[in-house]
Amino acid sequence: MFSKGKRTKYKFIAFDNNDFYAFVINNVKQLKIDFKSVTTQMGGRQMNFTLEPKTMEFAIPEVEVYKYSEVKSRRCSV
């Protein structure tokens, strides 16, 4: 919406990251007020979110294969 790096066609203002962070820091109070007013206008409604968990039968494997590589130890000469 604001950032130059995003590939969206419509933006309010094209900021690079530094300018975007400066905008947020300099307008914290107003942004908080705006977000509070938006959330109160929503009336405390939660957006519809349905969970559809994936379920499948689980069985403990009978054999497991572990790959490893040998590491040669180095001896320090003192």
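Owing to the predicted nature of the structure, the values given are computational and were not obtained by experimental measurement.
Sequence neighbours left out, the pairs with a member in residues 18-32 that pass side chain to side chain donor-acceptor pair (under 3.5 Å) are Gln30-Asp34.
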Which pairs would a plain distance check flag for residues 52-59, meaning a side-chain donor or acceptor within less than 3.5 Å of a matching protein atom at least two apart in sequence or in another chain?
none

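Other members of the cluster containing Tyr66 do not exist, because no ILVMFWY side chain is joined to it at under 4.5 Å.
Put simply, Val28 and Phe20 are part of two different groups of oily side chains (I, L, V, M, F, W, Y) that touch within less than 4.5 Å, one to the next.
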